[in-house]
Amino acid sequence: MSSAPFSNPSLTRENGAIATTCPYCGVGCGILAAARGPESADIKGDPEHPSNFGRLCSKGSSLGETLSLETRLLYPEINGRRVSWDDALTTVANTFQRIIETHGPDAVAFYVSGQLLTEDYYVANKLMKGYIGSGNIDTNSRLCMSSTVAAQKRAFGEDVVPGCYEDLQLADLVVLVGSNAAWCHPILFQRLLAAKRENRRLKIVNIDPRRTATSQSADLHLPIRPGTDAVLFNGLLNYLRQHDSIDFGFLEKHLGLYAEAFETARKTAPSLPAVARICGISEEDLATFYQWFARTEKTVTLWSQGVNQSSSGTDKVNSIINVHLATGRIGKPGMGPFSLTGQPNAMGGREVGGLANQLAAHLDIENPEHRNLVQTFWNAPRIAEKPGLKAVEMFRAIAGGRIKAIWIMATNPAVSLPDSNAVRDALGRCEFVVVSECESGTDLSQYAHVSLPALAWGEKDGTVTNSERRISRQRAFLPPPGEAKPDWWIISRVAQRMGYGDDFNYQSAWEIFVEHARLSGFRNNGERVFDISGLAELDRAGYDALKPIQWPVNQCHPNGVPRLFDGGGFSFPGRRARMVPVLPKAPANLPDSAYPLVLNTGRIRDQWHTMTRTGKSARLTKHLPEPYAELNPHDAARYAVPDGSLVRLESRFGQALVRARVTEDQQRGAVFVPMHWSGPYANKGLINALVNPAVDPVSGEPESKHTPIRIEPYRAAWYGFALSRDPLHAIEVDYRITTRGDGYWLYELAHSEPPPDWAAWVRELRAQPSGSSESASTKRAYAEEEWLQFADPYSGRYRCALLHSGRLQFCIFIDRSFELPPRSWLAGLFGLDRVPDRTRMSLLAGKPASAEDDQGPIVCSCFSVGINTLKRAIRKQNLTTAEQIGAALKAGTNCGSCIPEIKSLLQG
Ligand SMILES: Nc1nc2c(c(=O)[nH]1)N[C@H]1C(S)=C(S)[C@@H](COP(=O)(O)OP(=O)(O)OC[C@H]3O[C@@H](n4cnc5c(=O)[nH]c(N)nc54)[C@H](O)[C@@H]3O)O[C@H]1N2
Ligand SMILES: Nc1nc2c(c(=O)[nH]1)N[C@H]1C(S)=C(S)[C@@H](COP(=O)(O)OP(=O)(O)OC[C@H]3O[C@@H](n4cnc5c(=O)[nH]c(N)nc54)[C@H](O)[C@@H]3O)O[C@H]1N2
Ligand code: SF4
Ligand SMILES: [Mo]
């Protein structure tokens with residue numbers, strides 16, 4: 001079993017470590033990394049990086065465990081066959097060119113990602129908007145930040161995040177709306193908790209329909225009815241006015257329009273009782289929140305997908321920004337509205353204009369002057385005249401045959417777009433699908449006509465921008481594997497083959513970055529806040545040495561700017577801002593008698609999106625190894641779904657089969673399911689198959705947090721799990737979950753019909769398809785193989801285990817009930833060279849002779865500490881605080897993101 005993940009605490013720049021940036025969330029933590037062979041690395045938080053000051057969360061610390069090349073895409077392929085780069089690039093260029101010539105530029109599209117580096121993104125946007133001449137480039141940020149982008153443009157005149165991380169430490173009140181930062185922005189959340197320990201006045205409020213790890217650390221949790229945030233914030237605006245907390249001086253000086261916003265708030269959220277009723281919370285809690293907000297000058301409001309991913313997400317964001325404008329609490333230390341970005345480069349994508357309705361450098365596609373500016377700067381033959389299609393529309397246009405060729409980079413729409421069955425159908429019908437990826441075998445791969453191998457994190461070079469506008473370098477510390485290439489190289493070589501040679505003759509990420517920096521200052525005259533012209537003169541060495549810096553960076557601010565809009569300076573004419581009147585709207589689809597529950601989807605602590613990287617780390621997989629649905633005990637009883645059983649979920653769009661987790665954390669009528677599981681890991685865990693494709697009319701962002709569904713118990717003939725040293729193939733059952741452990745694979749299984757003969761079925765399961773890799777040593781050991789078996793047809797119980805020379809190879813446990821032995825103890829036996837005789841006796845019992853040997857499901861991923869170990873230590877050593885637990889077991893002492901769970905163990 002691997003020990004602590006931050007394997008080399010002595011890493012420093014001086015001893016050869018490379019400083020780079022974490023490829024996961026928008027916190028943008030600095031990392032020191034040193035290669036340890038081609039497929040692994042030592043990782044440590046960079047003590048000098050101003051986002052994390054040396055700390056890393058469980059995902060960041062485990063990056064060294066995700067570098068295996070086993071499933072990487074390493075060579076270009078056409079229709080699944082390896083080809084040369086020249087063939088692949090020429091095929092892409094010629095096919096795009098042919099379709100454009102026959103059907104016009106809007107018949108092709110790019111679908112890109114906030115996980116591309118700024119330089120990759122810049123080149124993709126330039127090719128589509130300036131050379132192909134269509135607006136049809138959209139990004140997965142459409143599913144993520146686009147409501148905030150739209151709202152900030154409506155409020156400030158430009159998409160700008162005014163504040164910085166330090167504000168969380170300077171504030172006396174921090175409100176988190178629709179954000180589970182404890183799991184999704186862990187290092188920033190840890191900074192907030194550290195500030196709370198220092199500043200006793202600091203209060204944390206969390207607004208989320210469900211109780212999360214974030215709520216557990218909050219002073220006040222408002223479990224509002226899903227979708228009612230705009231009423232809550234309109235109510236707050238109204239309350240602030242009634243209680244004399246409005247800064248009219250600020251409004252007069254810096255705002256264009258505002259009166260109507262107050263009027264709409266008054267009409268739609270007239271009183272505390274009315275708001276409390278609509279939001280489904282107690283009047284008392286509501287009053288507490290409003291009072292705290294009214295009387296605390298230093299307030300920061302953070303929000304994320306619980307607000308953005310809504311059919312009225314743009315309005316909801318404006319309702320939040322309104323209360324900050326109305327109180328003048330913006331841009332000052334410890335104050336401001338603060339959107340937490342999700343992806344490592346969500347911000348960089350916005351800077352280069354990666355959304356279909358933007359131009360590069362924060363310019364507007366609908367403004368002829370702006371179009372002229374960008375076209376002139378690029379000296380481009382064309383410029384997109386109108387916005388392109390937004391993600392959901394784009395895939396509809398593919399289904400309808402209007403878009404005939406699509407190039408997808410660094411995102412997996414077959415998993416992450418809503419109504420995924422329709423998306424897959426569209427991809428299946430598309431004439432030409434190009435996929436740039438690091439991984440093979442994803443749910444998207446099967447639709448690719450051309451697959452292009454991209455360099456992955458650790459191999460590529462460029463920049464990303466985090467949630468606080470801070471630009472950091474990602475630097476390569478691993479050699480390029482196979483024939484993989486940087487994304488910018490792939491795009492620009494296709495551009496050259498399309499005839500745009502000179503303008504895409506880039507030889508390095510640096511050349512692209514300085515061009516992007518020059519464009520941001522081109523005819524700017526201080527009108528656009530986004531201006532990094534101060535970096536346009538960087539030479540190659542300067543780019544390589546670039547230290548993290550917050551834009552704008554220009555002549556006036558050569559060292560960047562932590563806060564914007566202190567004392568105005570907004571981007572509307574007269575440097576003004578606007579309060580947008582917000583009329584609260586109900587979600588697009590409401591529950592009814594056929595689909596009575598509301599499906600909410602989101603993230604878990606230790607997985608990243610479609611799991612292409614985090615799924616490779618055994619440590620990360622242990623925290624929550626199976627897709628699940630969280631439901632309230634009342635709903636569980638009503639629909640006869642016991643905790644731990646399997647539950648079938650169904651919406652008007654599709655179905656899923658997942659494990660039920662019954663918890664009071666979930667409010668009645670609401671079900672939460674993580675978004676992470678797809679084909680390689682679960683046969684029916686794809687939750688976007690159910691999610692409605694309703695979108696916000698302004699931003700086009702899908703309503704991923706609100707779909708009416710129904711649930712029913714799944715009646716299995718049998719449940720089971722298998723643990724195997726070698727991967728098992730073709731398990732045809734109703735329910736199959738695959739997880740990767742240290743030296744084993746774990747399969748959770750269930751099926752509605754029993755096989756006729758268990759022993760024969762198990763043999764079939766273990767049969768390797770021809771040509772597959774059972775190692776030579778395994779084969780030799782066959783002579784000494786030993787089967788242990790237990791079958792009781794009467795109770796439906798079947799158990800068997802296979803040992804090779806005393807080493808556990810495989811075991812399977814089948815039962816009519818879903819209550820099976822714990823997996824963790826058995827899994828641990830795969831770490832032994834020989835199963836001791838005493839243990840062998842209890843193998844088929846599935847539990848150790850002594851209960852002490854079973855540590856239970858993992859709570860602390862960093863140090864692999866299980867729940868049983870924690871409970872035992874609490875009981876036996878009388879531990880009462882998380883600090884004491886840390887001292888005794890190390891649990892919670894690295895990234896700290898398991899501390900909320902540890903605290904709840906202490907409480908109960
Ligand atoms: N571990 C991990 N961290 C990540 C990611 C990951 O995949 N894994 N992804 C990154 C990305 S790209 C993103 S965008 C961020 C997302 O970060 P978050 O937005 O914090 O994460 P989510 O879990 O999507 O949703 C946040 C919360 O919104 C709540 N919510 C649902 N409906 C409502 C509502 O009507 N009102 C309110 N107020 N809340 C509601 C959900 O219950 C959920 O707890 O995380 C980033 N960080
Ligand atoms: N139901 C539901 N759906 C959601 C959400 C939700 O909360 N609920 N959240 C939405 C949000 S906020 C987001 S951000 C999306 C995320 O959804 P996706 O973007 O689809 O998820 P990822 O797994 O991050 O996909 C990134 C892909 O790019 C590959 N990759 C990684 N690095 C590189 C690179 O450098 N180059 C190339 N070419 N490829 C690379 C990875 O292997 C992976 O396959 O999901 C959205 N979908
Ligand atoms: S908080 Fe974690 S996932 Fe996010 S950037 Fe930092 S280490 Fe990476
Ligand atoms: Mo996101």
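First listed ligand is number 1; within each ligand, the first listed atom is number 1. Counting from 1, the numbers follow the sequence of the chain as shown.
- Only protein N, O or S atoms were considered, and those under 2.8 Å from atom 4 (Fe) of ligand 3 are Cys25 SG.
- Taking 4.0 Å as the cut-off between side-chain N and carboxylate O, Lys59 and Glu65 do not count as a salt-bridged pair.
- Heavy atoms only, all atoms of each residue included: Ala410 and Asn140 are closest at O-ND2, 4.3 Å.
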Evaluate the salt bridge (Lys or Arg N to Asp or Glu O under 4.0 Å) criterion for residues Glu439 and Lys616: first the C-alpha distance (whole Å), next the side-chain angles of each, then the deciding distance (0.1 Å), finally the verdict.
CA-CA 12 Å; Glu439 286 292 313; Lys616 288 183 179 176; 2.8 Å; yes

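- Contact atoms of ligand 1 toward Thr212: 44 (O) (distance under 4.0 Å to a heavy atom of the residue).
- Among protein heavy atoms, atom 26 (C) of ligand 2 sits closest to Ala410 O, 3.3 Å.
- Close approach of ligand 1 to Lys59 (heavy-atom distance below 4.0 Å) involves ligand atoms 1 (N), 2 (C), 3 (N).
- Of all atoms in ligand 1, listed by their number and element, those nearer than 4.0 Å to a heavy atom of Cys144 are 14 (S).
- Residue contacts with ligand 1 include His676, since one or more of its heavy atoms lies under 4.0 Å from the ligand.
- Between Tyr24 and Trp608, the angle of the ring planes lies from 30° to 60°, which puts this pair in the tilted group.
- At a heavy-atom distance under 4.0 Å, only backbone atoms of Ile604 (N, CA, C or O) approach ligand 1.
- From the protein, the heavy atom lying nearest to atom 12 (S) of ligand 2 is Arg603 NH2, 3.1 Å.
- Below 3.5 Å of separation, one finds no N or O of Ser113 facing any N or O of ligand 2.
- With sequence neighbours excluded, no residue forms a side chain to side chain donor-acceptor pair (under 3.5 Å) with Gln190.
- The shortest contact between atom 23 (O) of ligand 2 and any protein heavy atom is with Thr610 OG1, 2.6 Å.
- When non-hydrogen atoms are compared, ligand 1 lies under 4.0 Å from the backbone of Arg605 (N, CA, C, O) but not from its side chain.
- The shortest contact between atom 3 (N) of ligand 1 and any protein heavy atom is with Cys184 CA, 3.4 Å.
- Every atom of ligand 1 with a heavy atom of Trp183 under 4.0 Å away is listed here by number and element: 1 (N), 2 (C), 3 (N).
- Proximity to Asp229 (heavy-atom distance under 4.0 Å) selects the following atoms of ligand 1: 34 (C), 35 (O), 36 (N), 37 (C), 38 (N).
- The shortest N or O to N or O distance between Ser416 and ligand 2 is below 3.5 Å.
- Checking only distances, Thr442 never comes within under 3.5 Å of ligand 2, N or O to N or O.
- By the 4.0 Å heavy-atom criterion, Met145 is excluded from the residues contacting ligand 2.
- In the candidate list Gln115, His609, Lys460, His609 is nearest to atom 16 (C) of ligand 2, counting heavy atoms.
- If you check each of Gln305, Gln309, Arg613, Glu437 against atom 9 (N) of ligand 2, the one with the closest non-hydrogen atom is Gln309.
- Shown are Leu192, Leu193, Asn206; of these, the side-chain contact (heavy atoms from CB on, under 4.5 Å) with Ser217 is made only by Leu193.
- Remark: ligand 1 and Lys705 share an N or O pair separated by less than 3.5 Å (distance only, no angle test).
- With contacts defined as side-chain heavy-atom distances shorter than 4.5 Å, the pair Asp443/Pro680 qualifies.
- Between Gln343 and ligand 2, no pair of N/O atoms sits closer than 3.5 Å.
- Proximity of Trp457 to ligand 2 is not established, as no heavy-atom distance is less than 4.0 Å.
- Numbered from 1 in the order shown, with element, the atoms of ligand 1 that lie under 4.0 Å from a heavy atom of Pro209 read 30 (N), 32 (N), 33 (C), 34 (C), 36 (N), 37 (C), 39 (N), 40 (C).
- Atom 30 (N) of ligand 2 has as its closest protein heavy atom Cys438 SG, 3.8 Å.
- At a 4.0 Å cut-off, not a single heavy atom of Asp120 sits close enough to ligand 2 to count as contact.
- The aromatic rings of Tyr111 and Phe395 sit perpendicular to each other, their planes meeting at more than 60°, with 30° as the lower class boundary.
- Pro708 places a side-chain heavy atom less than 4.5 Å from the side chain of Asn692.
- Residue contacts with ligand 1 for Phe672 are absent, since no atom lies close enough (heavy atoms, distance under 4.0 Å).
- Heavy-atom contacts of Pro226 reach the following atoms of ligand 1: 35 (O) (cutoff under 4.0 Å).
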Would Phe477 and Trp457 satisfy ring pair (Phe, Tyr, Trp, His ring centres under 6.0 Å), going step by step from the backbone distance to the final call?
CA-CA 9 Å; Phe477 59 90; Trp457 181 77; 5.3 Å; yes

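- Nearest non-hydrogen protein atom to atom 11 (C) of ligand 1 is Gly342 CA, 3.2 Å.
- For atom 31 (C) of ligand 1, the closest non-hydrogen atom on the protein side is Asn600 OD1, 3.4 Å.
- The part of Ala454 lying near ligand 2 is the side chain, judged by heavy-atom distances below 4.0 Å.
- The heavy atom nearest to atom 43 (C) of ligand 1, considering only Thr601, Thr214, Asn180, Asp208, is found in Asp208.
- Among protein heavy atoms, the minimum distance from atom 36 (N) of ligand 2 is reached at Asp487 OD2, 2.7 Å.
- Only side-chain heavy atoms of Thr612 come within less than 4.0 Å of ligand 2; its backbone N, CA, C and O stay farther off.
- Among protein heavy atoms, atom 18 (P) of ligand 1 sits closest to Ser304 OG, 3.5 Å.
- Nearest non-hydrogen protein atom to atom 8 (N) of ligand 1 is Gln607 O, 2.7 Å.
- Only one option out of Asp461, Thr21, Thr463 pairs with Arg473 in a side-chain hydrogen bond (donor to acceptor under 3.5 Å, both in side chains); it is Asp461.
- With a 4.0 Å cut-off on non-hydrogen atoms, Asn688 touches ligand 2 through its side chain and not its backbone.
- Residue, atom and distance of the protein heavy atom nearest to atom 28 (O) of ligand 1 are Gly306 CA, 3.3 Å.
- Closest protein heavy atom to atom 25 (O) of ligand 2: Thr411 CA, 3.8 Å.
- Close approach of ligand 1 to Gly227 is summarised as follows: ligand atoms under 4.0 Å from at least one heavy atom of the residue are 34 (C), 35 (O).
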